[in-house]
Structure formats: C-alpha cells, structure tokens
Amino acid sequence: MALLDFFKQRKSNSAALAKERLQILVAHDRRGGGPSYLPQLQRDLLAVIRKYVAVDSDAVSVNVERDGAQEILELNIILPE
Amino acid sequence: MARVIVVTSGKGGVGKTTTSAAFAMGLAERGFRTVVIDFDVGLRNLDLIMGCERRVVYDFVNVIQGDANVGQALIKDKRNPNLFVLPASQTRDKDALTVEGVGKVLEELGREFEFIVCDSPAGIERGATMAMYYADDAIVVTNPEVSSVRDSDRMIGILSSKSRRAEQNMEGIREFLLVTRYSPERVKRGEMLALEDVQEILSLDLIGVIPESTAVLNASNAGVPVILDRESSAGQAYSDMVARYLGEDLPHRFLSTEKKGLFGRLFRG
Ligand SMILES: Nc1ncnc2c1ncn2[C@@H]1O[C@H](COP(=O)(O)OP(=O)(O)O)[C@@H](O)[C@H]1O
Ligand SMILES: [Mg+2]
C-alpha cells in the first residue's frame with residue numbers, strides 16, 4: 001500500500017513543478033516593472049498634470065524600454081476628450 | 001464612514017462573484033448594513049448569483065451618469081433587510097466608470113452603509129482598477145493553480161501602487177488571501193498546489209480557504225448566496241471567513257482528506 005502510494009505520487013507530482021515555476025515567474029514579474037522609482041514618478045507626474053488638466057488616475061503611464069545600450073523612458077499621457 | 005472592500009483576483013472564473021455575494025450576505029447577517037456593487041460593466045452577473053436579476057431597473061452606470069439616483073438603483077435583498085445590491089449595466093462600456101463618478105457614488109453610499117463590497121471584474125483594466133481604487137481592504141481570491149497565483153501577485157502589486165490610498169500616501173490597503181476551489185484530495189495526490197505553497201508565494205494573511213464544492217453551483221442555480229447553505233462545507237467556510245474578517249480567531253477547516261466516518265457522514269453531509 002505504501003509502495004503503491006509512493007509510485008502514484010512520483011507519477012503525478014505536478015504541484016511541485018508548479019510551485020517551482022511560479023517562484024521564478026513571480027520573482028521576475030516583481031522585478032520586471034522597470035526601475036523602482038517608476039511608480040513614484042508616475043504619481044508625481046499625475047499630480048503635476050492635474051494642476052492643469054483634470055485627468056483620470058490611469059491617464060499617465062510610464063515605461064522603461066531597453067534598446068541595446070540605451071534606455072528609453074516612455075511617457076504616455078491621455079488627455080480627456 | 002463605510003469600509004470599502006474589494007474582491008479581486010486578476011484572473012477570471014476563480015470565485016470573486018461567489019465570494020462577493022457570500023461575504024456581503026455574511027456581513028448583513030451579522031447585522032451590518034451592507035451594499036454589494038457589481039463592477040463588471042457589460043458582463044454583469046452578481047444580480048444572478050444574488051437572485052435579484054428580475055428586479056433590476058437602474059444600474060451603477062445610470063447612477064454615475066445622473067440618469068437615476070442611488071436610491072432608485074439599489075435593490076433590497078428579500079432575505080435580509082440589511083443587504084442591498086447595486087447591479088452593473090449589461091450594455092454600456094467600461095469607460096463609463098471614472099474615478100470621480102465612482103467616488104461620488106461611494107461617498108453617497110458611505111452615508112447609508114457600514115460595508116461596501118466591490119465585486120471586481122477580471123483583468124487589470126478599467127473595471128478592475130476602478131473596483132479597487134477606493135478600497136480600504138482587499139480580498140485577493142486565488143485558486144491553487146499557476147495562472148491564478150501569478151495574476152494574484154500582479155494584482156497585489158497594483159493594489160499597492162494604483163489605489164487612492166497609494167496615491168495619497170495614506171496607510172496601505174489591508175490585503176487578505178482567500179484560497180477558493182481547494183481540493184485536499186488533489187493536493188494529497190500532488191496534482192494541486194498546497195495551501196502552504198500559495199501562502200509562501202503570495203505572503204498575505206490568510207482569511208479563509210473555501211473547498212471545491214458542488215454546493216456552489218447549486219446555490220448559483222437557485223440565486224442564493226452559498227453562505228446560506230449552512231450544511232455545505234463551502235457555506236461554512238464562508239461563514240468562518242466573515243468571522244475572521246470581523247476579528248474572530250478561528251482555525252481553518254476543510255483542509256485535509258480525513259475519511260468521513262459514520263459520524264462525519266451524518267453530521268457533515
Ligand atoms: N468553491 C467552489 N467550488 C466549486 N465551484 C466554484 C467554487 N467557487 C466558484 N465556483 C464556480 O466557478 C465559476 C466561477 O465563479 P465566479 O464566482 O463567477 O468567478 P469570478 O467572479 O471570479 O469570475 C462558477 O461556475 C462557480 O460556480
Ligand atoms: Mg465575477
């Protein structure tokens with residue numbers, strides 16, 4: 001019985017694999033958003049723009065793209081119609 | 001001022017609407033004046049799960065756009081006088097939800113209610129970000145499965161950067177993990193991520209574990225929040241979750257596969 005259980009478990013321990021893949025993926029996602037100052041930069045920009053135009057909180061997006069040795073800071077601001 | 005709770009996840013189909021209905025009913029049963037809002041504009045179904053779909057006249061978007069007032073759109077639950085539903089619209093598009101519009105409606109509801117439960121749509125776009133924007137607390141609904149855990153992790157990141165509390169440098173949203181559709185049998189067989197694994201990856205306070213249960217489908221067929229099915233494991237797990245939210249310290253149940261003896265069969269069903 002115990003031996004049987006052992007083989008059964010070996011055969012379908014996909015949960016262990018899932019955990020391993022997730023740990024790497026999540027660590028990458030958490031790093032992946034670019035430099036850590038981006039969220040604050042985005043908030044500051046939003047505050048400045050709101051001095052002049054009433055925009056939604058998701059109107060400003062900030063991204064860093066890497067192009068060879070160059071880093072490009074990309075800003076996207078959507079104004080209301 | 002009311003406490004605003006968002007039920008969120010990133011991924012669809014994990015149990016947000018089931019949870020919103022059960023949680024809101026549970027709070028109402030404890031005597032709190034509670035309203036549950038459907039933020040899934042275009043794909044509403046909270047009204048179905050609550051069993052009030054035939055009484056929808058005006059919806060959330062009507063109120064935001066000034067076509068109706070809050071009182072006209074709220075649907076009073078037939079089972080519990082403390083509970084109200086604010087349905088989503090079936091047709092309009094998500095851009096109708098704006099920070100200002102949602103804020104006004106929540107402010108008005110906040111004068112009448114003690115708890116405002118926001119049922120978030122899937123995804124990380126407007127509907128979902130609007131549902132969490134004003135939240136004080138978040139219930140992150142997660143299935144023990146790779147894509148759900150990953151999406152929950154992303155949602156946790158968004159909660160801590162794109163909410164009002166984050167933008168105004170207030171104390172952060174209180175976040176709780178709710179694991180749903182948990183199957184101890186499959187965990188034992190090594191087919192499903194164990195609770196400890198999900199907790200380890202997401203590192204949030206665990207507010208409850210809802211087992212996979214046929215009672216959930218039966219409840220949604222009937223339009224009755226599953227928490228009212230007191231015999232069912234899922235119903236009991238949701239009651240525990242409400243109690244924990246309100247500060248009670250209860251051990252988690254339905255986590256193991258222990259064989260039901262005669263006694264268990266008689267009393268658990
Ligand atoms: N604990 C559970 N056991 C069994 N089925 C469940 C459970 N929780 C949710 N479901 C089912 O999963 C599906 C999606 O649930 P729903 O609450 O609509 O998810 P969401 O709002 O996150 O899209 C529904 O068919 C529901 O009946
Ligand atoms: Mg839903």
Side-chain angles (χ1 to χ4, degrees), chain A residues 1-51 53-64 75-81, chain B residues 10 94-103 124-130 132-134 142-169 183-203:
Chain A
M1 185 59 203
L3 198 64
L4 253 174
D5 274 349
F6 173 76
F7 279 117
K8 238 167 119 187
Q9 261 191 356
R10 284 294 292 252
K11 225 170 140 190
S12 70
N13 204 336
S14 57
L17 183 60
K19 184 183 180 188
E20 199 178 293
R21 289 175 59 219
L22 263 173
Q23 280 170 324
I24 296 167
L25 193 60
V26 161
H28 182 264
D29 284 349
R30 287 178 191 165
R31 245 184 295 114
S36 59
Y37 60 76
L38 279 191
Q40 190 57 49
L41 175 63
Q42 184 169 352
R43 263 174 260 159
D44 291 350
L45 282 170
L46 186 68
V48 171
I49 290 163
R50 277 184 170 166
K51 282 189 186 169
V53 193
V55 292
D56 263 339
S57 65
D58 56 0
V60 177
S61 61
V62 186
N63 257 311
V64 171
L75 287 185
N76 224 319
I77 301 163
I78 300 165
L79 295 176
E81 288 163 19
Chain B
K94 297 180 182 61
D95 294 340
L97 300 179
T98 59
V99 169
E100 293 74 18
V102 172
I124 52 174
E125 277 152 38
R126 184 176 287 268
T129 51
M130 283 301 101
M132 48 143 271
Y133 187 77
Y134 290 98
T142 307
N143 291 168
E145 172 265 319
V146 280
S147 54
S148 174
V149 174
R150 183 199 196 178
D151 287 0
S152 290
D153 190 67
R154 291 200 59 196
M155 216 54 227
I156 293 165
I158 294 172
L159 285 167
S160 59
S161 62
K162 285 197 176 167
S163 62
R164 177 186 60 130
R165 282 176 173 269
E167 283 182 6
Q168 301 181 357
N169 283 318
S183 167
E185 293 77 22
R186 303 194 64 192
V187 171
K188 200 176 171 199
R189 288 201 298 266
E191 297 168 4
M192 182 180 267
L193 283 166
L195 181 63
E196 303 77 58
D197 298 341
V198 178
Q199 267 181 288
E200 185 187 326
I201 291 165
L202 296 178
S203 50

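Here is how names work: the chains are called A, B, and so on, in the same order as the sequence lines, proteins then strands, and each is numbered from 1. Since this is a predicted model, take the numbers as computed values, not measurements.
- Considering CZ of B/Arg189 and CG of A/Asn13, their distance stands at 12.5 Å, rounded to 0.5 Å.
- For B/Arg154, the CZ atom counts as loosely surrounded, since its 6.0 Å shell holds 12 or fewer non-hydrogen atoms of other residues, nucleotides or ligands.
- Heavy atoms closer than 4.5 Å to chain A are found nowhere in B/Asp95, neither backbone nor side chain.
- The side-chain hydrogen bond (donor to acceptor under 3.5 Å, both in side chains) test applied to B/Asp151 returns no partner, not counting sequence neighbours.
- Proximity to chain A among residues 192-201 of chain B is limited to B/Met192, B/Leu193, B/Asp197, B/Glu200, B/Ile201, judged by heavy-atom separations below 4.5 angstrom.
- Proximity to chain B (any heavy atom under 4.5 Å) is restricted, for A/Leu46, to the side chain, taken from C-beta onward.
- Residue-environment remark: CZ (A/Arg50) exceeds the threshold of 12 foreign heavy atoms within 6.0 Å.
- Using a 4.5 Å cut-off between heavy atoms, B/Arg150 touches chain A through backbone and side chain atoms alike.
- Residue A/Glu20 qualifies as open at atom CD: its count of foreign heavy atoms under 6.0 Å is 12 or below.
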